[in-house]
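Below you'll find the structure I mean.
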Amino acid sequence: MHTIFQRTNISEPALFSPYDITKKIDNFPEICVSTFSEGIIQKFSSLEHTKKIAELYTANGMIPVYKIRYKGTDIAFYLSRVGAPACVAGFEEIIAMGAKKYVLFGSCGVLDDDKVKDNIIVPVSAVRDEGTSYHYISSSPEIEADVHSVQALENVLRNCGFPYIKGKTWTSDAIYRETISAIQERRQEGCLVVEMECASMLAAAKYRHIPFIQFLYGADNLSSDTWEIRDLNLYGMNRAEQYMVLAFECGLAL
């Protein structure tokens, strides 16, 4: 028996698609931004001119989709669920609603604290240590980010004055199985950080032909002998406005 991890070709067609269960919305913004922080979404959804325009339905509950006006352009935004399968499912349904460009950002575990420090991380490739990406593109150890999307992100970061570092990320499905030996191996392979969605989102965006940008910011530290949980309020949340506006700028740059 060959599982999805051994197959060299992606089988087609799917029995059903997000377009079969998701209603297309008239005048849905072309640009959509998403993040994993409920605090950031609550902050921007409470702004005076933000409007709810749709909902994503799951067995876990309803996720509102909002619209905001930024520099004369309507931009949709919503809360992504953590983990590759749920994150990609939300992406698929947002595309079915009408989005044509997509920006995602969130925190990550730091594997090389000396290099990452206070930099925004620009993923140029992702180790595929998860399962979702293998349903979208054929099997390979890594997936590369689109060169034009990386360049667009770099331009935005430079123009906005954000320090950044380009590098490889490790996408894992199991947050509680990031073993010491695996961390050491990934660090030796050049991975700067670890997270749970990037490889899958790169694959899904490539499959759907959607321009896609993802950037990351460091949270907990896995680069020493002892795990440093750190306070997420100190590593990103107090920069909520900056990161969200940075994502808006990325959307305009796509």
Side-chain angles (χ1 to χ4, degrees), residues 1-36 53-67 75-106 123-150 169-175 195-214 251 254:
M1 181 179 69
H2 292 286
T3 67
I4 197 72
F5 301 100
Q6 285 84 45
R7 293 175 185 166
T8 56
N9 296 311
I10 301 299
S11 58
E12 297 289 0
L15 180 61
F16 62 95
S17 80
Y19 299 93
D20 295 319
I21 60 173
T22 305
K23 181 180 178 181
K24 183 174 176 59
I25 297 175
D26 292 338
N27 301 315
F28 194 90
E30 287 195 1
I31 301 169
C32 184
V33 167
S34 189
T35 186
F36 304 96
I53 57 172
E55 294 174 339
L56 296 176
Y57 296 98
T58 75
N60 300 124
M62 180 271 293
I63 299 175
V65 181
Y66 301 98
K67 179 178 73 174
I75 298 178
F77 68 93
Y78 72 101
L79 178 70
S80 277
R81 293 192 182 277
V82 174
C87 182
V88 168
F91 164 79
E92 287 269 38
E93 291 163 13
I94 286 291
I95 299 307
M97 287 179 182
K100 294 180 172 61
K101 302 173 183 178
Y102 195 94
V103 181
L104 179 68
F105 69 97
V124 296
S125 64
V127 173
R128 299 171 66 186
D129 222 353
E130 38 65 64
T132 305
S133 67
Y134 294 85
H135 296 269
Y136 287 88
I137 63 171
S138 56
S139 179
S140 63
E142 298 180 20
I143 179 172
E144 292 186 357
D146 177 74
V147 174
H148 298 294
S149 294
V150 171
T169 181
W170 166 29
T171 306
S172 172
D173 265 345
I175 191 171
E195 38 65 47
M196 299 182 70
E197 299 85 17
C198 187
S200 297
M201 287 296 296
L202 289 172
K206 182 177 181 179
Y207 180 83
R208 295 295 180 193
H209 305 290
I210 296 296
F212 170 70
I213 284 176
Q214 181 168 4
L254 279 174

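Position 1 is the first residue of the sequence; numbering continues from there. Given the structure is predicted, the values throughout are model-derived calculations rather than measurements.
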Discussion item. Do Thr132 and Cys87 have side chains that approach each other closer than 4.5 Å (heavy atoms only, starting at C-beta)?
Written reply: no

Fill in: Contacts of Tyr19 that satisfy side chain to side chain donor-acceptor pair (under 3.5 Å) - sequence neighbours left out
none

Fill in: Rounded distance [0.5 Å steps], OG in Ser172 versus CE in Met196
6.0 Å

Item to complete: Apply the test side chain to side chain contact (heavy atoms under 4.5 Å, CB included) to residues Leu254 and Tyr102: give CA-CA distance (whole Å), side-chain angles for both, the deciding distance (0.1 Å), then the verdict.
Response: CA-CA 9 Å; Leu254 279 174; Tyr102 195 94; 5.9 Å; no

Discussion item. I'd like to know if the side chain of Ser149 reaches the main chain of Phe212, judged simply by a donor and an acceptor atom lying under 3.5 Å from each other, with no hydrogens or angles considered.
Written reply: yes

Discussion item. What I'd like to find out is whether the side chain of Glu12 reaches to under 4.5 Å of the side chain of Ile10, using heavy atoms alone.
Written reply: yes

Worksheet item: Which distance, rounded to the nearest 0.5 Å, do you find between the CG of Asn27 and the NZ of Lys67?
Response: 7.5 Å

Practice prompt. Indicate yes or no for a side-chain donor-acceptor contact from Glu197 to the backbone of Gly83 under 3.5 Å, with no hydrogens or angles considered.
Written response: yes

Worksheet entry | Neighbour count above 12 (heavy atom, 6.0 Å) for Phe5 CZ | yes

Discussion item. Within the structure provided, determine whether Met97 and Ile53 are in side-chain contact (heavy-atom separation under 4.5 Å).
Written reply: no

Worksheet item: With a 4.5 Å heavy-atom cut-off, do Leu202 and Ile137 have their side chains touching?
Response: no

Worksheet item: Are His135 and Val88 side-chain neighbours, meaning at least one heavy-atom pair lies under 4.5 Å?
Response: no

Discussion item. Surrounding CD of Glu144 (heavy atoms of other residues, nucleotides or ligands, distance under 6.0 Å), is the total greater than 12?
Written reply: no

Discussion item. Using 0.5 Å steps for rounding, measure from the NE2 atom of His209 to the OH atom of Tyr207.
Written reply: 8.5 Å

Item to complete: Compare every heavy atom of Cys32 with every heavy atom of Ile94, then report the nearest pair and how far apart it is.
Response: CG2-SG, 3.7 Å

Practice prompt. First locate atom CD1 of Ile63, then atom CZ of Arg81, and finally report the distance between them rounded to the nearest 0.5 Å.
Written response: 3.5 Å

Discussion item. Applying the side chain to side chain contact (heavy atoms under 4.5 Å, CB included) criterion to Ser34, which one of Phe105, Phe91, Tyr78 satisfies it?
Written reply: Tyr78

Discussion item. Tell me whether the count of non-hydrogen atoms from other residues, nucleotides or ligands lying under 6.0 Å of CG in Asp20 goes above 12.
Written reply: yes

Worksheet item: Within the side chain of Arg208, is there an N or O that forms a donor-acceptor pair under 3.5 Å with the backbone of Ile95?
Response: no

Worksheet item: Can Thr3 and Gln6 be counted as having a side-chain donor-acceptor contact under 3.5 angstrom?
Response: yes

Fill in: Considering all heavy atoms, the nearest Lys100-Ile210 contact
O-CG2, 3.7 Å

Fill in: Tyr134 and Arg128, any side-chain heavy atoms less than 4.5 Å apart
yes

Discussion item. Within the 3.5 Å criterion, strictly below it, is a donor on Glu195 or Thr171 matched to an acceptor on the partner's side chain?
Written reply: yes

Practice prompt. Output the distance between atom OG (Ser139) and atom CG (Asn9), rounded to the nearest 0.5 Å.
Written response: 11.0 Å

Worksheet item: Under the side chain to side chain contact (heavy atoms under 4.5 Å, CB included) criterion, do Thr169 and Gln214 qualify, and how do the steps go?
Response: CA-CA 11 Å; Thr169 181; Gln214 181 168 4; over 6 Å; no

Worksheet item: Residues two or more places apart in sequence or in another chain: which of them pass side chain to side chain donor-acceptor pair (under 3.5 Å) with Thr22?
Response: none

Discussion item. Using a 3.5 Å distance criterion without hydrogens, assess whether the side chain of Asp129 forms a donor-acceptor pair with backbone atoms of Trp170.
Written reply: no

Item to complete: Please examine the side chains of Thr35 and Phe77, heavy atoms only from C-beta on, and report whether any two atoms are closer than 4.5 Å.
Response: no

Worksheet item: Is there side-chain contact between Leu104 and Ser80, with at least one heavy-atom pair below 4.5 Å?
Response: yes

Worksheet item: So which heavy atom on Ala199 is nearest to which on Glu130, and how close?
Response: CB-OE2, 3.7 Å

Worksheet item: Excluding sequence neighbours, so at least two apart, what forms salt bridge (Lys or Arg N to Asp or Glu O under 4.0 Å) with Arg7?
Response: none

